[in-house]
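Sequence positions, counted from 1, serve as the residue numbers for this chain.
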Amino acid sequence: MSARERCDVVIVGSGFAGSILARVLARQGKDVVLVERGRHPRFALGESSTPLAAISLERLAAAYGLEDLSHLAAYGRWQRHLPELRCGLKRGFTFYHHRRGEPFRNSDANEHRLLVAASPSEGIADCHWLRSDVDHFLVRQAVASGVRFRDQTHLQSFQETTSGVFMEGLGPQGSCAIEASFLVDASGPGGFLATQLSLPTAREEPGASTSLLYGHFRQVKEFTDLARAQGSELPLGPYPDSRAAVHHTFEGGWLYLLPFDHGVVSAGLLRRSGARAPQKPSMVDWQAALAPWPSLRELFSQARVDQPLSFVPRIQSRRQTATGSRWLLLPHGYAFFDPLFSTGMAWSLVAVERVADLFSSASGAPSPVGLRRYSELLGQEADQISHLVEAAWGCFGNFEALRAIAALYFAAVSYQELRQRLVDPDPARPWAWEGFLGATDAESRAFVQEGRKRVEALVQDSLRGPEKADWTGLETWAGEAIAKRNVIGLVDSTRHHLYPVDLDVLLQRSSLLGLGLRQVEARLDRLRAL
């Protein structure tokens, strides 16, 4: 047995969140060991950023002097300062609706397409992260900041002691042991602590079971070209359709596409029924899975696999708690529901801010009060995300209804983003502790919960007969429900489901943010980010 390695904090898992947190804690003066079972560079999912993720990155960069995090927060800065790291431009969220057995169809009314811009230009746009590049870069940055990195290390035991935690395992040089005052688990669902402590799932475990077939591809066709060739009309949108997180929805599931600048497309197919579990997925399995939707099958007709396909039979998970007396889970290890709406990266980064705050305000490990606050807030946020995801899944067969649920998401997230950009922070209540996606905002929480209830009732009506369910009023209800949080002009029939970043609308609705028109005008430069 090698000698014990001692530290203040051990972080298990060197994805972007674990590596950033390790570096931040090292900047606080903590002695940090970062443990990784694999070896970088390695493939990882969770590749699509959002404005709230960018805000967290910028705050971390400013608070701890980590300029490269600010570079990662906007496409223009990324290209200028970190061109060696591969990424993709994400201008917003694109949705299409497909009917089984039919080519994609869309007219001038734009009834089967929705575009919501997240930025007004490429320079301050979000990015798709090629995680193999970015995670490897962030690990190297952590090491340069004094973090001790232990890769290819398989921790096989865990126990809490009177002074902290103790782990044993195997590393490149044989057996190893680590003793720390506190442990942060950044290893994801079913990760280190979930296994070692047999952490129980939540009492109300997500009821639905979603499978995911995913990989990286080359030579994927441009969908807008394909759709027009098949007879669809695509009115001009606020950005090129494919420069976004692209959602192809259909009854029973959806397909995401995240295009990178170097020609690779990350794609994943999510389904809830009839999904065969291939042992070693191949392009044959992929094409067979897409067969019911002719335009999607054609989209990949010339594609080849760049990153081997993988299959996850069930992606949902949620634990009963996110903390113990000497440990905590980052969000991905606590709960995950679906990649819909790209919530994962932003949720992880705001949690990094919170954990850093817990350590900075404690002489050693986070206090019991702080840990309880952290766990309870994650629980509220998991509820909010779950409500949105389940409501959306109930609408995948009805695009008008799905637009209504999407409006709930975009209202909650844009209101939170604009408040954090334009409203001066309260030093006693840091933005990082504001509930993610409006989880602690009474208005946002209420319309999200009501949206799920309405969808579930309509689904039940549909089971009694298609004529029993009237879905037509859901979008009208959503427009009324989000009125006090709709700072970007959602559910506007004159837009034909194409929503740019419109500063005139923001100025007209400045009072929703608790600001006057002149105040917002004077602060518009803040929207360009740091």
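- At least one donor-acceptor pair closer than 3.5 Å links the side chain of Asn106 to the backbone N or O of Glu111.
- Nearest heavy atoms, Ile482 versus Ala407: CD1-O, 4.1 Å.
- Looking at heavy atoms from C-beta onward, Phe300 lies in side-chain contact with Leu290 at the 4.5 angstrom threshold.
- For the 3.5 Å distance criterion, the side chains of Gln141 and Ser19 fail to qualify, holding no donor opposite an acceptor.
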Pair Arg243-Asp261, salt bridge (Lys or Arg N to Asp or Glu O under 4.0 Å): steps then yes or no: CA-CA 10 Å; Arg243 302 298 260 174; Asp261 291 351; 3.4 Å; yes
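- Remark: the backbone N or O of Leu45 is not paired with any side-chain donor or acceptor of Tyr214 at under 3.5 angstrom.
- In this structure a side-chain-to-backbone donor-acceptor pair under 3.5 Å is missing from His112 to Tyr96.
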Quick one, Thr249 with Leu402, criterion side chain to side chain contact (heavy atoms under 4.5 Å, CB included). Give me CA distance, side-chain angles, the key distance, then yes/no. CA-CA 9 Å; Thr249 67; Leu402 180 60; 3.7 Å; yes
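- If you check the side chains of Gln316 and Thr210, you find a donor sitting under 3.5 Å from an acceptor.
- We find the CZ-CG distance between Phe217 and Asp306 to be 10.0 Å, quoted to the nearest 0.5 Å.
- Between Arg354 and Asp357 there is no salt bridge, since no side-chain nitrogen of the basic residue lies less than 4.0 Å from a carboxylate oxygen of the acidic one.
- Between Asp135 and Trp129, the side chains place no donor N or O within less than 3.5 Å of an acceptor N or O (distance only, hydrogens not considered).
- Using a 4.0 Å cut-off between charged nitrogen and carboxylate oxygen, Arg77 and Asp68 do not count as a salt-bridge pair.
- Between His247 and Trp254, the distance from one ring center to the other falls under 6.0 angstrom.
- Looking at Phe410 and Ile405, their side chains never come closer than 4.5 Å, going by heavy atoms from C-beta outward.
- A donor and an acceptor atom, one from each side chain of Ser49 and Lys90, are nowhere located under 3.5 Å apart.
- Salt-bridge annotation for Glu122 and Arg91: absent, with no side-chain N of the basic residue lying under 4.0 Å from a carboxylate O of the acidic one.
- Within the 4.5 Å cutoff, the side chain of Trp347 has no heavy atoms near those of the Leu437 side chain.
- With rounding to the nearest 0.5 Å, the separation of CG in Leu340 from OH in Tyr409 is 9.0 Å.
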Check step by step if side chain to side chain contact (heavy atoms under 4.5 Å, CB included) holds for Val389 and Thr343. CA-CA 10 Å; Val389 166; Thr343 58; over 6 Å; no
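- Looking at Glu47 and Ser266, their side chains do bring a donor and an acceptor atom within 3.5 Å of each other.
- Ion pairing between a basic and an acidic side chain is recognised when a charged N comes within 4.0 Å of a carboxylate O; Arg509 and Asp504 show no such pairing.
- Side-chain N/O atoms of Glu353 and Ser56 include a donor and acceptor closer than 3.5 Å.
- Using a cutoff of 4.0 Å between basic side-chain nitrogens and carboxylate oxygens, Arg421 and Glu58 are scored as salt-bridged.
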Determine, step by step, whether Val312 and Ile315 satisfy the side chain to side chain contact (heavy atoms under 4.5 Å, CB included) criterion, reporting the C-alpha distance in whole Å, the side-chain angles of both residues, the deciding distance to 0.1 Å, and the verdict. CA-CA 6 Å; Val312 181; Ile315 61 171; 3.9 Å; yes
Could you go step by step and tell me if Phe43 and His216 meet the ring pair (Phe, Tyr, Trp, His ring centres under 6.0 Å) rule? CA-CA 10 Å; Phe43 176 74; His216 281 186; 5.0 Å; yes
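- Remark: Glu102 engages Arg99 in a side chain to side chain contact (heavy atoms under 4.5 Å, CB included) (not counting sequence neighbours).
- For the pair Cys395/Leu474, a side-chain contact is recorded, criterion being any heavy-atom separation below 4.5 Å from C-beta on.
- In the model, Glu390 has no side-chain atom that pairs as donor or acceptor with a side-chain atom of Ser386 under 3.5 Å.
- Side-chain contact check for Gln420 and Arg59: at least one donor-acceptor pair (N or O, by modelled atom type) lies under 3.5 Å.
- Put simply, CZ on Arg23 and CG on Leu60 are 10.0 Å apart, with the number rounded to the nearest 0.5 Å.
- Residues Trp433 and Val350 fail the side-chain proximity criterion, which asks for heavy atoms closer than 4.5 Å.
- Pairs of residues two or more places apart, or lying in two chains, that qualify as side-chain hydrogen bond (donor to acceptor under 3.5 Å, both in side chains) and include a residue from residues 475-491 are Arg403-Glu475, Asp441-Arg485.
- Partner of Phe250 under the ring-ring contact (aromatic ring centres under 6.0 Å, His included) criterion, out of Trp393, Trp293, Phe95: Trp293 alone.
- Using a 4.5 Å heavy-atom cutoff, the side chains of Leu506 and Ile488 are not in contact.
- Surrounding CD of Glu456 are more than 12 heavy atoms belonging to other residues, nucleotides or ligands, all under 6.0 Å away.
- Side chains of Ile20 and Leu138 form a contact here, defined as non-hydrogen atoms less than 4.5 Å apart.
- Phe93 is not listed as a side-chain neighbour of Leu115, based on a closest heavy-atom distance of 4.5 Å or more.
- Atom CG of residue Leu328 and atom CG of residue Leu358 lie 7.5 Å apart, to the nearest 0.5 angstrom.
- Proximity of a side-chain donor or acceptor of Glu417 to a complementary backbone N or O of Leu52 within less than 3.5 Å is not detected.
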Does the salt bridge (Lys or Arg N to Asp or Glu O under 4.0 Å) test come out yes or no for Glu251 and Arg100, once each step is laid out? CA-CA 8 Å; Glu251 188 168 10; Arg100 190 178 186 89; over 6 Å; no
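- With salt bridges taken as basic N to acidic carboxylate O contacts below 4.0 Å, one links Asp241 and Arg113.
- With Leu270 as the partner, the side-chain contact (heavy atoms from CB on, under 4.5 Å) test is satisfied by one option alone out of Leu255, Leu213, Asp338: Asp338.
- Paired with Ser295 under the rule side chain to side chain donor-acceptor pair (under 3.5 Å), one option of His248, Gln230, Arg105 passes, and it is Gln230.
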